[in-house]
Amino acid sequence: MPVADQAGPRAGAADLPSLDRLLGTPELHAAVADFGRTQVTAALRRDLDECRTAALAGTLPSDALRPAAFGERIKTGLTERNRATLRPVFNLTGTVLHTNLGRALLPEAAIESVVQALTTPANLEFDLATGGRGDRDDLISPLLCELTGGEAATVVNNNAAAVLLMLATLAKRREVVVSRGELVEIGGAFRIPDIMTHAGAKLVEIGTTNRTHAADYRNAIGEKTALLMKVHCSNYEVTGFTKSVDVSEVVEIAKPHGVPVAVDLGSGTLTPLERWGLPHETTVQETIAAGADLVTFSGDKLLGGPQAGMIVGRKELIARIKKHPLKRALRVGKLTLAALEPVLRLYRDPDHLPERLTTLRLLTRTRAEMAAQAARLVPVLAKSLGDAYTVTAAPMVSQIGSGALPVEQLPSYGLAIAPAGGGKRGSGRALATLEAALRGLPYPVIGRIADQTLWLDLRCLEAQDEMRLSLQFEELRA
Ligand SMILES: *Cc1c(COP(=O)(O)O)cnc(C)c1O
(Lines give C-alpha, C1' and ligand atoms only; values in the text may rest on other atoms or scores of the structure.)
Protein backbone atom coordinates (compact mmCIF):
# COMPACT_ATOMS: atom_id res chain seq x y z
CA MET A 1 0.00 0.00 0.00
CA PRO A 2 2.54 2.68 0.91
CA VAL A 3 4.07 4.46 -2.03
CA ALA A 4 7.62 3.21 -2.35
CA ASP A 5 9.54 5.28 -4.82
CA GLN A 6 9.23 8.79 -3.45
CA ALA A 7 12.10 11.09 -2.81
CA GLY A 8 12.60 12.20 0.79
CA PRO A 9 13.51 10.55 4.07
CA ARG A 10 13.08 6.81 4.50
CA ALA A 11 11.67 5.02 7.54
CA GLY A 12 13.11 1.88 9.09
CA ALA A 13 11.25 -1.12 10.46
CA ALA A 14 11.81 0.16 13.99
CA ASP A 15 9.81 3.32 13.16
CA LEU A 16 6.58 1.40 12.53
CA PRO A 17 3.84 2.32 15.01
CA SER A 18 2.05 -0.45 16.87
CA LEU A 19 -1.39 -1.57 15.78
CA ASP A 20 -2.92 -0.50 19.10
CA ARG A 21 -1.42 2.95 18.91
CA LEU A 22 -2.78 3.44 15.40
CA LEU A 23 -6.25 2.27 16.44
CA GLY A 24 -6.18 4.93 19.15
CA THR A 25 -5.64 7.82 16.72
CA PRO A 26 -8.60 10.00 15.61
CA GLU A 27 -7.69 9.29 11.95
CA LEU A 28 -8.52 5.62 12.43
CA HIS A 29 -11.52 6.23 14.67
CA ALA A 30 -13.25 7.55 11.57
CA ALA A 31 -12.47 4.37 9.65
CA VAL A 32 -13.72 2.22 12.57
CA ALA A 33 -16.98 4.18 12.58
CA ASP A 34 -17.44 3.49 8.88
CA PHE A 35 -16.22 -0.08 8.53
CA GLY A 36 -16.10 -1.56 12.04
CA ARG A 37 -13.17 -2.59 14.21
CA THR A 38 -12.75 -6.06 12.72
CA GLN A 39 -12.21 -4.90 9.17
CA VAL A 40 -10.01 -1.93 10.17
CA THR A 41 -7.79 -4.10 12.37
CA ALA A 42 -7.31 -6.64 9.57
CA ALA A 43 -6.61 -3.90 7.02
CA LEU A 44 -4.07 -2.25 9.35
CA ARG A 45 -2.30 -5.58 9.84
CA ARG A 46 -2.00 -6.01 6.08
CA ASP A 47 -0.82 -2.43 5.70
CA LEU A 48 1.77 -2.73 8.48
CA ASP A 49 3.10 -5.94 6.91
CA GLU A 50 3.58 -4.15 3.62
CA CYS A 51 5.20 -1.20 5.40
CA ARG A 52 7.61 -3.56 7.14
CA THR A 53 8.59 -5.19 3.85
CA ALA A 54 9.13 -1.77 2.26
CA ALA A 55 11.10 -0.54 5.30
CA LEU A 56 13.41 -3.55 5.19
CA ALA A 57 13.99 -2.88 1.49
CA GLY A 58 14.76 0.74 2.36
CA THR A 59 11.95 2.07 0.21
CA LEU A 60 9.42 3.22 2.84
CA PRO A 61 9.00 7.01 2.90
CA SER A 62 8.66 8.41 6.44
CA ASP A 63 5.55 10.23 5.28
CA ALA A 64 3.75 6.92 4.86
CA LEU A 65 3.81 6.48 8.66
CA ARG A 66 1.77 9.56 9.55
CA PRO A 67 -1.58 8.55 11.12
CA ALA A 68 -3.35 10.58 8.40
CA ALA A 69 -1.58 8.52 5.73
CA PHE A 70 -2.63 5.28 7.42
CA GLY A 71 -6.19 6.61 7.75
CA GLU A 72 -6.32 7.55 4.07
CA ARG A 73 -4.95 4.19 2.87
CA ILE A 74 -7.26 2.16 5.11
CA LYS A 75 -10.28 4.16 4.01
CA THR A 76 -9.46 3.85 0.30
CA GLY A 77 -8.66 0.17 0.60
CA LEU A 78 -11.79 -0.71 2.55
CA THR A 79 -14.03 1.36 0.31
CA GLU A 80 -12.74 -0.56 -2.67
CA ARG A 81 -13.04 -3.88 -0.84
CA ASN A 82 -16.66 -3.19 0.13
CA ARG A 83 -17.85 -2.05 -3.24
CA ALA A 84 -20.72 -4.21 -4.53
CA THR A 85 -19.54 -6.83 -7.01
CA LEU A 86 -22.86 -6.84 -8.85
CA ARG A 87 -22.91 -3.36 -10.32
CA PRO A 88 -25.23 -1.45 -12.62
CA VAL A 89 -23.90 -0.86 -16.13
CA PHE A 90 -25.13 0.83 -19.30
CA ASN A 91 -26.13 -1.82 -21.81
CA LEU A 92 -25.24 -0.14 -25.10
CA THR A 93 -24.49 -3.45 -26.81
CA GLY A 94 -27.66 -3.29 -28.87
CA THR A 95 -28.78 -6.64 -27.48
CA VAL A 96 -31.88 -6.00 -25.42
CA LEU A 97 -32.05 -9.38 -23.65
CA HIS A 98 -28.32 -9.72 -23.00
CA THR A 99 -27.71 -12.87 -20.97
CA ASN A 100 -24.38 -11.64 -19.57
CA LEU A 101 -25.94 -8.33 -18.55
CA GLY A 102 -28.88 -9.89 -16.75
CA ARG A 103 -31.53 -10.23 -19.49
CA ALA A 104 -34.96 -8.66 -18.93
CA LEU A 105 -35.35 -5.50 -16.87
CA LEU A 106 -38.40 -5.65 -14.69
CA PRO A 107 -41.32 -3.26 -14.79
CA GLU A 108 -42.36 -0.96 -11.96
CA ALA A 109 -45.18 -3.26 -10.83
CA ALA A 110 -42.70 -6.06 -10.15
CA ILE A 111 -40.39 -3.81 -8.14
CA GLU A 112 -43.07 -2.89 -5.58
CA SER A 113 -44.10 -6.50 -5.26
CA VAL A 114 -40.51 -7.69 -4.68
CA VAL A 115 -39.85 -5.00 -2.08
CA GLN A 116 -42.97 -6.08 -0.24
CA ALA A 117 -42.00 -9.75 -0.40
CA LEU A 118 -38.54 -8.86 0.91
CA THR A 119 -39.84 -7.07 3.95
CA THR A 120 -43.11 -8.72 4.99
CA PRO A 121 -44.28 -12.27 5.69
CA ALA A 122 -46.53 -13.62 2.94
CA ASN A 123 -48.71 -16.65 2.14
CA LEU A 124 -45.97 -18.31 0.09
CA GLU A 125 -47.01 -21.83 1.07
CA PHE A 126 -49.94 -21.07 3.30
CA ASP A 127 -53.54 -21.63 2.31
CA LEU A 128 -55.40 -18.59 3.63
CA ALA A 129 -58.78 -20.30 3.12
CA THR A 130 -58.06 -23.36 5.27
CA GLY A 131 -55.09 -22.31 7.38
CA GLY A 132 -53.31 -25.41 6.09
CA ARG A 133 -50.20 -25.79 4.02
CA GLY A 134 -50.31 -24.29 0.55
CA ASP A 135 -48.43 -24.86 -2.69
CA ARG A 136 -46.28 -22.02 -4.02
CA ASP A 137 -47.17 -22.92 -7.60
CA ASP A 138 -50.84 -22.14 -6.81
CA LEU A 139 -49.94 -18.46 -6.52
CA ILE A 140 -49.12 -18.32 -10.19
CA SER A 141 -50.50 -21.33 -12.05
CA PRO A 142 -54.09 -20.04 -12.57
CA LEU A 143 -52.69 -16.94 -14.24
CA LEU A 144 -50.27 -18.97 -16.37
CA CYS A 145 -53.10 -21.27 -17.47
CA GLU A 146 -55.35 -18.32 -18.28
CA LEU A 147 -52.66 -16.73 -20.45
CA THR A 148 -51.49 -19.88 -22.21
CA GLY A 149 -54.51 -22.16 -22.43
CA GLY A 150 -52.62 -24.86 -20.50
CA GLU A 151 -54.47 -27.03 -17.97
CA ALA A 152 -51.80 -26.78 -15.29
CA ALA A 153 -48.46 -25.11 -14.69
CA THR A 154 -45.38 -25.23 -12.51
CA VAL A 155 -42.44 -22.85 -12.12
CA VAL A 156 -38.78 -23.65 -11.49
CA ASN A 157 -35.45 -21.80 -11.40
CA ASN A 158 -34.97 -21.32 -15.16
CA ASN A 159 -35.88 -22.94 -18.45
CA ALA A 160 -32.88 -25.27 -18.35
CA ALA A 161 -34.24 -26.55 -15.03
CA ALA A 162 -37.72 -26.87 -16.55
CA VAL A 163 -36.39 -29.06 -19.38
CA LEU A 164 -34.25 -31.13 -16.99
CA LEU A 165 -37.15 -31.70 -14.61
CA MET A 166 -39.55 -32.58 -17.40
CA LEU A 167 -37.14 -35.13 -18.89
CA ALA A 168 -36.14 -36.59 -15.53
CA THR A 169 -39.79 -37.13 -14.63
CA LEU A 170 -41.16 -38.42 -17.92
CA ALA A 171 -38.23 -39.97 -19.73
CA LYS A 172 -35.87 -41.59 -17.24
CA ARG A 173 -34.38 -44.76 -18.80
CA ARG A 174 -36.64 -44.20 -21.79
CA GLU A 175 -36.30 -42.56 -25.19
CA VAL A 176 -36.87 -39.02 -26.32
CA VAL A 177 -37.13 -38.35 -30.05
CA VAL A 178 -35.60 -35.08 -31.28
CA SER A 179 -34.82 -33.86 -34.81
CA ARG A 180 -31.11 -33.41 -35.60
CA GLY A 181 -31.99 -29.90 -36.74
CA GLU A 182 -33.04 -29.03 -33.18
CA LEU A 183 -30.14 -30.28 -31.04
CA VAL A 184 -29.50 -26.81 -29.70
CA GLU A 185 -26.64 -25.48 -27.63
CA ILE A 186 -27.43 -22.34 -25.70
CA GLY A 187 -24.43 -20.39 -24.47
CA GLY A 188 -22.19 -23.42 -24.03
CA ALA A 189 -23.62 -24.68 -20.76
CA PHE A 190 -27.00 -25.86 -22.00
CA ARG A 191 -26.98 -28.52 -24.69
CA ILE A 192 -30.01 -30.64 -25.38
CA PRO A 193 -27.99 -33.91 -25.65
CA ASP A 194 -26.22 -33.20 -22.32
CA ILE A 195 -29.46 -32.36 -20.53
CA MET A 196 -30.87 -35.67 -21.79
CA THR A 197 -27.91 -37.55 -20.34
CA HIS A 198 -28.21 -35.83 -16.98
CA ALA A 199 -31.93 -36.50 -16.87
CA GLY A 200 -31.21 -40.18 -17.50
CA ALA A 201 -33.06 -40.13 -20.81
CA LYS A 202 -31.88 -41.66 -24.06
CA LEU A 203 -31.81 -39.28 -26.97
CA VAL A 204 -33.04 -40.67 -30.26
CA GLU A 205 -31.88 -38.38 -33.05
CA ILE A 206 -33.92 -38.36 -36.21
CA GLY A 207 -33.66 -36.74 -39.64
CA THR A 208 -30.69 -34.67 -40.70
CA THR A 209 -29.40 -31.23 -39.80
CA ASN A 210 -31.43 -29.55 -42.52
CA ARG A 211 -34.33 -31.92 -43.15
CA THR A 212 -36.58 -33.95 -40.87
CA HIS A 213 -39.81 -35.51 -42.13
CA ALA A 214 -42.99 -36.81 -40.53
CA ALA A 215 -41.87 -40.34 -41.42
CA ASP A 216 -38.72 -39.85 -39.31
CA TYR A 217 -40.90 -39.28 -36.23
CA ARG A 218 -43.22 -42.15 -37.15
CA ASN A 219 -40.35 -44.60 -37.60
CA ALA A 220 -38.70 -43.63 -34.34
CA ILE A 221 -41.66 -44.40 -32.09
CA GLY A 222 -41.30 -47.68 -30.24
CA GLU A 223 -41.87 -49.44 -26.92
CA LYS A 224 -39.46 -47.24 -25.04
CA THR A 225 -40.51 -43.86 -26.43
CA ALA A 226 -41.33 -41.50 -23.59
CA LEU A 227 -41.66 -38.23 -25.49
CA LEU A 228 -41.49 -36.64 -28.89
CA MET A 229 -39.74 -33.36 -28.28
CA LYS A 230 -39.37 -30.23 -30.32
CA VAL A 231 -36.81 -27.59 -29.43
CA HIS A 232 -36.94 -24.01 -30.61
CA CYS A 233 -33.88 -23.14 -32.71
CA SER A 234 -33.17 -20.25 -30.42
CA ASN A 235 -29.90 -18.84 -31.58
CA TYR A 236 -29.59 -20.02 -35.16
CA GLU A 237 -31.65 -20.59 -38.24
CA VAL A 238 -31.54 -23.42 -40.73
CA THR A 239 -32.14 -21.95 -44.17
CA GLY A 240 -32.01 -23.15 -47.74
CA PHE A 241 -33.05 -26.73 -48.52
CA THR A 242 -34.88 -27.44 -45.28
CA LYS A 243 -37.82 -29.32 -43.90
CA SER A 244 -39.14 -29.59 -40.39
CA VAL A 245 -42.36 -30.94 -38.96
CA ASP A 246 -44.86 -28.63 -37.25
CA VAL A 247 -45.93 -29.20 -33.67
CA SER A 248 -49.49 -30.01 -34.82
CA GLU A 249 -48.23 -32.69 -37.19
CA VAL A 250 -45.95 -34.21 -34.54
CA VAL A 251 -48.98 -34.29 -32.24
CA GLU A 252 -50.99 -36.20 -34.87
CA ILE A 253 -48.16 -38.72 -35.19
CA ALA A 254 -47.82 -39.18 -31.43
CA LYS A 255 -51.50 -39.41 -30.55
CA PRO A 256 -52.29 -43.00 -31.67
CA HIS A 257 -49.30 -44.20 -29.63
CA GLY A 258 -50.30 -42.34 -26.48
CA VAL A 259 -46.89 -40.62 -26.48
CA PRO A 260 -46.85 -37.02 -25.22
CA VAL A 261 -45.30 -34.17 -27.21
CA ALA A 262 -43.10 -31.65 -25.40
CA VAL A 263 -41.92 -28.35 -26.84
CA ASP A 264 -39.02 -26.37 -25.44
CA LEU A 265 -39.91 -22.91 -26.70
CA GLY A 266 -36.91 -21.18 -25.14
CA SER A 267 -37.96 -17.59 -25.18
CA GLY A 268 -41.62 -18.04 -25.86
CA THR A 269 -43.88 -15.08 -25.61
CA LEU A 270 -47.40 -14.69 -24.30
CA THR A 271 -48.62 -12.28 -26.93
CA PRO A 272 -48.24 -11.91 -30.71
CA LEU A 273 -45.42 -9.41 -31.18
CA GLU A 274 -46.22 -8.50 -34.80
CA ARG A 275 -48.93 -6.23 -33.43
CA TRP A 276 -46.10 -3.83 -32.53
CA GLY A 277 -44.19 -4.24 -35.76
CA LEU A 278 -41.87 -6.89 -34.34
CA PRO A 279 -41.28 -10.19 -36.11
CA HIS A 280 -43.54 -13.06 -35.12
CA GLU A 281 -42.26 -15.34 -32.39
CA THR A 282 -44.29 -18.49 -31.67
CA THR A 283 -46.42 -17.88 -28.60
CA VAL A 284 -47.03 -20.35 -25.82
CA GLN A 285 -50.78 -20.25 -26.59
CA GLU A 286 -50.19 -21.22 -30.22
CA THR A 287 -48.04 -24.14 -29.12
CA ILE A 288 -50.64 -25.36 -26.63
CA ALA A 289 -53.38 -24.85 -29.21
CA ALA A 290 -51.36 -26.93 -31.69
CA GLY A 291 -51.73 -29.79 -29.23
CA ALA A 292 -48.40 -29.82 -27.35
CA ASP A 293 -48.80 -31.70 -24.08
CA LEU A 294 -46.05 -29.75 -22.34
CA VAL A 295 -44.36 -26.44 -23.14
CA THR A 296 -41.31 -25.03 -21.37
CA PHE A 297 -40.11 -21.42 -21.59
CA SER A 298 -38.01 -18.79 -19.79
CA GLY A 299 -39.25 -16.02 -17.52
CA ASP A 300 -36.52 -13.51 -18.35
CA LYS A 301 -36.41 -13.60 -22.11
CA LEU A 302 -39.22 -12.10 -24.22
CA LEU A 303 -41.69 -12.57 -21.39
CA GLY A 304 -39.88 -9.73 -19.63
CA GLY A 305 -39.94 -11.11 -16.09
CA PRO A 306 -37.49 -12.57 -13.57
CA GLN A 307 -35.26 -15.59 -14.17
CA ALA A 308 -37.61 -18.57 -14.04
CA GLY A 309 -38.61 -21.61 -16.06
CA MET A 310 -42.24 -22.35 -16.75
CA ILE A 311 -43.77 -25.72 -17.60
CA VAL A 312 -47.39 -25.58 -18.74
CA GLY A 313 -49.57 -28.32 -20.18
CA ARG A 314 -51.58 -31.40 -19.30
CA LYS A 315 -52.74 -31.71 -15.73
CA GLU A 316 -51.67 -35.31 -15.15
CA LEU A 317 -48.18 -34.71 -16.58
CA ILE A 318 -47.66 -31.54 -14.53
CA ALA A 319 -48.85 -33.42 -11.44
CA ARG A 320 -46.16 -36.08 -11.99
CA ILE A 321 -43.52 -33.42 -12.61
CA LYS A 322 -44.41 -31.65 -9.38
CA LYS A 323 -43.91 -34.85 -7.38
CA HIS A 324 -40.36 -35.45 -8.64
CA PRO A 325 -37.71 -34.82 -5.94
CA LEU A 326 -35.83 -32.51 -8.32
CA LYS A 327 -38.80 -30.13 -8.28
CA ARG A 328 -37.93 -29.28 -4.69
CA ALA A 329 -34.29 -28.77 -5.62
CA LEU A 330 -35.15 -26.53 -8.55
CA ARG A 331 -38.00 -24.55 -7.03
CA VAL A 332 -38.19 -20.78 -7.16
CA GLY A 333 -37.98 -18.45 -4.18
CA LYS A 334 -40.59 -15.97 -3.08
CA LEU A 335 -38.81 -13.05 -4.74
CA THR A 336 -39.15 -14.73 -8.13
CA LEU A 337 -42.84 -15.38 -7.60
CA ALA A 338 -43.36 -11.85 -6.31
CA ALA A 339 -41.78 -10.49 -9.49
CA LEU A 340 -43.42 -12.92 -11.87
CA GLU A 341 -47.05 -12.46 -10.88
CA PRO A 342 -47.36 -8.73 -11.66
CA VAL A 343 -45.45 -9.21 -14.93
CA LEU A 344 -47.84 -11.96 -16.03
CA ARG A 345 -50.81 -9.80 -15.00
CA LEU A 346 -49.67 -7.08 -17.43
CA TYR A 347 -50.48 -9.49 -20.27
CA ARG A 348 -54.19 -9.28 -19.41
CA ASP A 349 -54.12 -5.78 -20.87
CA PRO A 350 -52.07 -6.05 -24.07
CA ASP A 351 -53.06 -2.51 -25.15
CA HIS A 352 -50.87 -1.05 -22.42
CA LEU A 353 -48.09 -3.61 -22.67
CA PRO A 354 -45.55 -1.49 -24.62
CA GLU A 355 -45.62 1.25 -21.97
CA ARG A 356 -45.67 -1.05 -18.96
CA LEU A 357 -43.49 -4.00 -19.86
CA THR A 358 -39.91 -2.74 -19.95
CA THR A 359 -38.69 -5.35 -22.43
CA LEU A 360 -41.41 -4.50 -24.94
CA ARG A 361 -40.90 -0.78 -24.38
CA LEU A 362 -37.23 -1.14 -25.30
CA LEU A 363 -37.97 -3.35 -28.27
CA THR A 364 -40.50 -0.88 -29.67
CA ARG A 365 -38.50 2.33 -29.24
CA THR A 366 -38.38 4.33 -32.45
CA ARG A 367 -35.25 5.09 -34.38
CA ALA A 368 -36.15 8.80 -34.26
CA GLU A 369 -36.19 8.77 -30.47
CA MET A 370 -32.73 7.17 -30.35
CA ALA A 371 -31.43 9.49 -33.08
CA ALA A 372 -32.43 12.51 -30.97
CA GLN A 373 -30.53 11.07 -28.00
CA ALA A 374 -27.52 10.38 -30.20
CA ALA A 375 -27.52 13.98 -31.43
CA ARG A 376 -27.42 15.22 -27.83
CA LEU A 377 -24.69 12.78 -26.75
CA VAL A 378 -22.29 13.10 -29.69
CA PRO A 379 -20.88 16.52 -28.67
CA VAL A 380 -20.43 15.41 -25.05
CA LEU A 381 -18.45 12.31 -25.97
CA ALA A 382 -16.55 14.08 -28.77
CA LYS A 383 -15.41 16.74 -26.29
CA SER A 384 -14.16 14.09 -23.86
CA LEU A 385 -12.31 12.10 -26.51
CA GLY A 386 -10.63 15.09 -28.18
CA ASP A 387 -8.87 14.67 -31.52
CA ALA A 388 -7.93 11.02 -31.16
CA TYR A 389 -11.36 9.69 -32.16
CA THR A 390 -14.25 10.71 -34.35
CA VAL A 391 -17.74 10.36 -32.91
CA THR A 392 -20.79 10.31 -35.15
CA ALA A 393 -24.48 9.67 -34.69
CA ALA A 394 -25.24 6.64 -36.83
CA PRO A 395 -27.97 4.16 -37.66
CA MET A 396 -27.27 0.64 -36.47
CA VAL A 397 -29.17 -2.57 -35.79
CA SER A 398 -30.05 -4.04 -32.42
CA GLN A 399 -30.96 -7.60 -31.60
CA ILE A 400 -33.62 -8.94 -29.29
CA GLY A 401 -31.13 -11.37 -27.80
CA SER A 402 -31.35 -14.47 -25.60
CA GLY A 403 -32.12 -16.59 -28.59
CA ALA A 404 -35.31 -14.86 -29.63
CA LEU A 405 -35.49 -14.31 -33.37
CA PRO A 406 -31.71 -14.52 -33.81
CA VAL A 407 -31.63 -13.42 -37.41
CA GLU A 408 -34.11 -10.57 -37.09
CA GLN A 409 -32.65 -7.16 -36.43
CA LEU A 410 -34.23 -4.00 -35.13
CA PRO A 411 -33.41 -0.62 -36.69
CA SER A 412 -31.84 1.54 -33.99
CA TYR A 413 -29.51 4.48 -33.59
CA GLY A 414 -26.48 5.32 -31.56
CA LEU A 415 -22.88 6.55 -31.50
CA ALA A 416 -20.22 5.20 -33.81
CA ILE A 417 -16.66 5.87 -32.65
CA ALA A 418 -13.59 5.36 -34.81
CA PRO A 419 -9.94 6.27 -34.23
CA ALA A 420 -9.15 9.49 -36.09
CA GLY A 421 -7.31 8.98 -39.37
CA GLY A 422 -9.20 5.88 -40.46
CA GLY A 423 -7.97 2.28 -40.48
CA LYS A 424 -4.33 3.05 -39.66
CA ARG A 425 -2.08 0.61 -37.86
CA GLY A 426 -2.81 0.64 -34.17
CA SER A 427 -6.41 1.72 -34.60
CA GLY A 428 -7.60 -1.68 -33.36
CA ARG A 429 -5.59 -1.09 -30.20
CA ALA A 430 -6.99 2.44 -29.87
CA LEU A 431 -10.53 1.06 -30.04
CA ALA A 432 -9.78 -1.66 -27.52
CA THR A 433 -8.28 0.96 -25.17
CA LEU A 434 -11.38 3.11 -25.44
CA GLU A 435 -13.70 0.14 -24.98
CA ALA A 436 -11.80 -0.76 -21.80
CA ALA A 437 -11.89 2.84 -20.54
CA LEU A 438 -15.66 2.98 -20.97
CA ARG A 439 -15.95 -0.36 -19.20
CA GLY A 440 -13.76 0.97 -16.38
CA LEU A 441 -15.94 3.99 -15.61
CA PRO A 442 -17.62 4.17 -12.18
CA TYR A 443 -20.87 3.36 -14.00
CA PRO A 444 -19.46 1.09 -16.72
CA VAL A 445 -20.54 1.68 -20.32
CA ILE A 446 -20.67 -1.53 -22.36
CA GLY A 447 -20.54 -1.20 -26.14
CA ARG A 448 -19.57 -3.45 -29.03
CA ILE A 449 -16.60 -3.40 -31.41
CA ALA A 450 -17.22 -4.39 -35.03
CA ASP A 451 -15.79 -3.25 -38.37
CA GLN A 452 -13.07 -1.14 -36.71
CA THR A 453 -15.73 0.91 -34.96
CA LEU A 454 -16.97 1.03 -31.38
CA TRP A 455 -20.75 1.06 -31.47
CA LEU A 456 -22.80 2.45 -28.60
CA ASP A 457 -26.38 1.46 -29.38
CA LEU A 458 -28.88 3.67 -27.55
CA ARG A 459 -31.87 1.31 -27.74
CA CYS A 460 -31.59 0.44 -24.04
CA LEU A 461 -30.93 3.99 -22.87
CA GLU A 462 -34.22 5.24 -21.50
CA ALA A 463 -34.78 8.97 -21.02
CA GLN A 464 -34.19 8.93 -17.26
CA ASP A 465 -30.68 7.48 -17.75
CA GLU A 466 -29.45 9.83 -20.44
CA MET A 467 -28.06 12.45 -18.05
CA ARG A 468 -26.15 9.81 -16.13
CA LEU A 469 -24.57 8.52 -19.33
CA SER A 470 -23.67 12.05 -20.28
CA LEU A 471 -21.91 12.47 -16.92
CA GLN A 472 -19.97 9.25 -17.49
CA PHE A 473 -18.82 10.57 -20.85
CA GLU A 474 -17.56 13.71 -19.09
CA GLU A 475 -15.87 11.54 -16.48
CA LEU A 476 -13.96 9.81 -19.27
CA ARG A 477 -11.92 12.98 -19.77
CA ALA A 478 -10.45 12.62 -16.29
C1 LIG B 1 -32.77 -19.99 -23.48
C2 LIG B 1 -33.17 -21.37 -23.76
C3 LIG B 1 -33.03 -22.36 -22.79
C4 LIG B 1 -32.45 -22.07 -21.44
O5 LIG B 1 -33.29 -21.20 -20.73
P6 LIG B 1 -32.76 -20.52 -19.38
O7 LIG B 1 -33.96 -19.80 -18.86
O8 LIG B 1 -31.64 -19.62 -19.79
O9 LIG B 1 -32.31 -21.61 -18.49
C10 LIG B 1 -33.43 -23.63 -23.10
N11 LIG B 1 -33.91 -23.94 -24.32
C12 LIG B 1 -34.05 -23.02 -25.28
C13 LIG B 1 -34.58 -23.42 -26.60
C14 LIG B 1 -33.68 -21.69 -25.03
O15 LIG B 1 -33.80 -20.76 -25.97
Side-chain angles (χ1 to χ4, degrees), residues 84-91 96-99 101-129 134-148 153-159 161-162 267-271 273 276 284 297-310 312 330-365 369 400-402 443 459-469:
T85 51
L86 183 66
R87 289 162 58 198
V89 304
F90 285 103
N91 173 10
V96 177
L97 296 169
H98 197 298
T99 297
L101 300 180
R103 290 196 186 157
L105 301 177
L106 288 154
E108 209 54 49
I111 296 160
E112 286 161 31
S113 172
V114 170
V115 169
Q116 190 164 64
L118 277 165
T119 51
T120 58
N123 59 329
L124 177 65
E125 285 190 347
F126 185 83
D127 187 333
L128 289 172
D135 176 346
R136 65 182 69 199
D137 276 343
D138 291 349
L139 299 171
I140 215 121
S141 57
L143 191 48
L144 270 172
C145 293
E146 173 192 321
L147 294 169
T148 63
T154 182
V155 184
V156 287
N157 180 63
N158 57 8
N159 188 34
S267 197
T269 168
L270 298 176
T271 192
L273 297 175
W276 296 287
V284 182
F297 54 100
S298 289
D300 56 355
K301 293 185 180 174
L302 276 173
L303 196 150
Q307 180 189 303
M310 264 61 76
V312 301
L330 301 172
R331 75 179 184 189
V332 289
K334 64 178 177 179
L335 300 185
T336 301
L337 291 168
L340 189 54
E341 185 186 351
V343 171
L344 290 174
R345 218 182 293 119
L346 292 180
Y347 283 90
R348 282 180 167 158
D349 178 10
D351 295 342
H352 287 103
L353 214 49
E355 301 129 63
R356 294 179 182 163
L357 188 70
T358 314
T359 298
L360 192 58
R361 191 167 66 232
L362 295 175
L363 290 173
T364 54
R365 288 188 72 207
E369 215 179 312
I400 296 178
S402 276
Y443 200 127
R459 175 167 296 277
C460 296
L461 185 75
E462 293 209 273
Q464 72 271 15
D465 301 321
E466 189 180 317
M467 182 49 73
R468 199 177 303 152
L469 179 63

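Heavy-atom minimum distance, Y443 versus V89: CE2-C, 3.5 Å. Shortest non-hydrogen contact noted between A104 and G305 is CB-O, 3.7 Å. For the pair E341 and I140, the tightest heavy-atom approach, listed with the atom from each and the gap, is N-CD1, 3.6 Å.
Exactly one of T154, L303, N158 qualifies for a side-chain contact (heavy atoms from CB on, under 4.5 Å) with M310. That residue is L303.
Inter-residue side-chain proximity for W276 and T271 is flagged as met; some heavy-atom pair is nearer than 4.5 Å. In this structure, the side chains of R103 and K301 come closer than 4.5 Å at one or more pairs of heavy atoms. You'll find the side chain of D135 stays beyond 4.5 Å of the side chain of E125, heavy atoms only. Side chains of V284 and T269 form no contact here, defined as non-hydrogen atoms less than 4.5 Å apart. Using a 4.5 Å heavy-atom threshold, the side chains of R331 and R136 count as touching. Counting only heavy atoms from C-beta outward, the side chains of L143 and R348 approach each other to under 4.5 Å. Looking at V312 and L147, their side chains never come closer than 4.5 Å, going by heavy atoms from C-beta outward.
Under a 3.5 Å cut-off, the side chain of N157 and the backbone N or O of V332 do not form any donor-acceptor pair. Remark: the backbone N or O of L461 is paired with a side-chain donor or acceptor of R365 at under 3.5 angstrom. The backbone N or O of L302 sits less than 3.5 Å from a side-chain atom of S267, completing a donor-acceptor pair. Within the 3.5 Å criterion, the main-chain N or O of V96 finds no donor-acceptor partner in the side chain of R459.
Residues forming a salt bridge (Lys or Arg N to Asp or Glu O under 4.0 Å) with E466 (at least two apart in sequence, or on another chain): R376.
Annotation: the span from L97 atom CG to S298 atom OG amounts to 10.0 Å, rounded to 0.5 Å. Of the inter-residue distances, the one linking N123 atom CG with L128 atom CG reads 4.5 Å to the nearest 0.5 angstrom. Atom CG in L360 sits 5.0 Å away from atom CG in L353 (nearest 0.5 Å). Note: L357 CG to T364 OG1 = 9.5 Å, rounded to the nearest 0.5 Å. The distance from atom CG of L340 to atom CG of L139, rounded to the nearest 0.5 Å, is 10.5 Å. Within the model, atoms CD1 of I400 and CG of L362 stand 11.5 Å from one another, a figure rounded to the nearest 0.5 Å.
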Per-pair distances, 0.1 Å, donor-acceptor, side chain in residues 105-117, under 3.5 Å, sequence neighbours excluded:
from: S113; atom 1: OG; to: A338; atom 2: O; distance (Å): 2.6

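Using a 4.0 Å cut-off between charged nitrogen and carboxylate oxygen, R361 and E462 count as a salt-bridge pair. In summary, D349 and R356 engage in a salt bridge, as defined by a charged side-chain N under 4.0 Å from a carboxylate O.
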